[in-house]
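Index from 1, following the sequence. In each ligand, atom 1 is the first atom listed, and ligand 1 is the first ligand listed.
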Amino acid sequence: MDRIRIRGGNELHGTIPISGAKNAALPLMIASLLTDDTLTLENVPHLADVEQLIRILGNHGADISVNGRRERQQGDSYARTIHFTSRNIVDTTAPYELVSKMRASFWVLGPLLAREGKARVSLPGGCAIGTRPVDLFIEGLSALGAEIEIDGGYINATAPAGGLVGARYVFPKVSVGATHVLMMAATLAKGTTVIGNAAREPEVVDLANCLNAMGAKITGAGSSTITIEGVTSLSGARHRVLPDRIETGTYAMAVAMAGGDVVLENTDVALLDTALEAIRRAGAEITPTNNGLRVYRNGGGIKPVDVVTDPYPGFPTDLQAQFMGLMTRSSGVSHITETIFENRFMHVQELARLGAKISLSGQTAKIEGVPRLKGAPVMATDLRASVSLVIAGLVAEGDTMVSRVYHLDRGFERLEEKLTRCGAEVERVSE
Ligand code: EPZ
């Protein structure tokens, strides 16, 4: 199993191309099930989760072709263009063996139900960061008239004889995935659906833009009320996946940690205002550029900053672990409160192995900055937790060896190459 070795101590200087967003690419790929025409997605990142979803969509009958030649992007980054054609849905069951590996694959429930009138989808798996129930999906789709029962670890959903029917539904809690699914299902429902307390994440807006390009009638995405006028069918489209704001924030924090001067390109500061503000307060300078941003920290140390995770536009839970990595070296005491997932602190004990001083009280971590970290063997526990160990490893004395890097491969494209090109000593060790 691969491991990643980081030798700490180098500043970062250079340019890092930001990939297309994993968390936009996945729902966009799933939206291809809504039409018998071809959906072409550009800027799709090459990640384990994307490959897994390709297998799942293939199982439902999608014909998928990846551009043989990698498309060379501005700034020396690579991205793929992928064509998805689901002329016929050959199977409306998403089996446990496939869905258990990645929670987002559960979202096929929406398009299958809307297009075929029925779906049988295994209850999901994914990163073990909390209980992650599916009640909001069930309530939302039931509001559109679906009959839903849980049987043997599967959700069996059936639409009324004439198809799903538009309705008004207000989520009792903000959920990105349930917003994606209800929005996709409502595109083919009869009449108007109004989703209240919808997730406002940029990835929801990206999905709505793509669905509209396919002929859907969606307004309000990006606000907490989304209105969808149902249409009878959707067509194909060509859509470019938006930049990965979590990857952007992760590298910005890596530079804030290691020091140096790096341009992050093919991205957009507007996608992560709150996180960038926290990084600035920690002592890094961030300036927008034509197609991204420049991050630098020279001389001054890292200041303690308190953050609380919240749905967008709040501080993203997907950057919480990385920010904690940064705070381990601050000059004082900081607090990080996690409000989205109840079990997203598994990086705490691994950071402690590097010498971090962190104590937990309920959903809040208290981090007492230390003057030095020391390399050690550590274990990746989930996707974002694993990259927080890489960030800490960039300044730890000696070698940090991160095992279970398959977590990293789910969401960070060519991580070691991107960091190495900026002067870090990061290498993958295969055994
Ligand atoms: C998405 O997960 C992201 N995944 C997550 O990123 C991200 O952490 C999360 O949104 C929050 O921003 C993808 O986009 C593929 P939620 P999702 O439904 O949709 C509760 C990463 O590292 N909830 O918004 O699964 C849930 O338990 C991943 O890339 C219910 O109670 O998250 C959580 O407490 C990890 N009932 C809260 O809502 C439900 O039916 C928000 O979860 C559904 C969710």
Which is closest to atom 1 (C) of ligand 1 by heavy-atom distance: Val176, Leu53, Ile138?
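Looking at heavy atoms only, the winner is Val176.
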Relative to atom 43 (C) of ligand 1, which among Ala321, Pro133, Gly140 owns the nearest non-hydrogen atom?
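Closest candidate by heavy-atom distance is Pro133.
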Within the 4.0 Å heavy-atom shell around [X], which atoms of ligand 1 are there?
| X | answer |
| --- | --- |
| Phe137 | 40 (O), 43 (C) |
| Arg103 | 25 (O), 43 (C) |
| Arg384 | 21 (C), 22 (O), 29 (O) |
| Gly177 | 18 (O), 19 (O) |

Nitrogen or oxygen of [X] less than 3.5 angstrom from that of ligand 1:
| X | result |
| --- | --- |
| Glu201 | no |
| Ala178 | no |
| Thr317 | no |

Between [X] and [Y]: side-chain donor-acceptor atoms closer than 3.5 Å:
| X | Y | value |
| --- | --- | --- |
| Asn197 | Ser224 | no |
| Thr420 | Glu427 | no |
| Thr250 | Gln322 | yes |

4.0 Å heavy-atom contact, [X] with ligand 1:
| X | result |
| --- | --- |
| Trp107 | yes |
| Arg344 | yes |
| Lys22 | yes |

Indicate, as side chain, backbone, both or neither, the part of [X] found under 4.0 angstrom from ligand 1 when only non-hydrogen atoms are considered.
| X | answer |
| --- | --- |
| Leu383 | side chain |
| Lys173 | side chain |
| Ile340 | both |
| Glu342 | neither |

Distance (rounded to the nearest 0.5 Å) between Glu413 CD and Lys22 NZ:
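That separation rounds to 13.0 Å.
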Quick one: does any side-chain atom of Gln52 pair with a main-chain N or O of Leu98 as donor and acceptor, under 3.5 Å?
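Flag set: sc Gln52 to bb Leu98 pair under 3.5 Å.
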Just checking Phe106 against Phe137, ring centres under 6.0 Å apart?
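Here the rings of Phe137 and Phe106 have centres that are less than 6.0 Å from each other.
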Per the side chain to side chain contact (heavy atoms under 4.5 Å, CB included) rule, which among Arg353, Arg3, Glu350 passes with Pro377?
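Testing each of Arg353, Arg3, Glu350 against Pro377, the sole residue satisfying side chain to side chain contact (heavy atoms under 4.5 Å, CB included) is Arg353.
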Option from Val262, Val295, Leu419 for which side chain to side chain contact (heavy atoms under 4.5 Å, CB included) with Tyr251 holds
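Going through the options one by one, the only one that passes is Leu419.
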Parallel, tilted or perpendicular: ring planes of Tyr169 versus Phe171, cut at 30 and 60 degrees:
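Perpendicular: the ring planes of Tyr169 and Phe171 meet at over 60°.
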With a distance cut-off below 6.0 Å to the six-membered ring centre and an angular limit of 45° from the axis, does Arg120 pair with Tyr154 as a cation-pi contact?
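The answer is yes; both the distance and angle limits are met.
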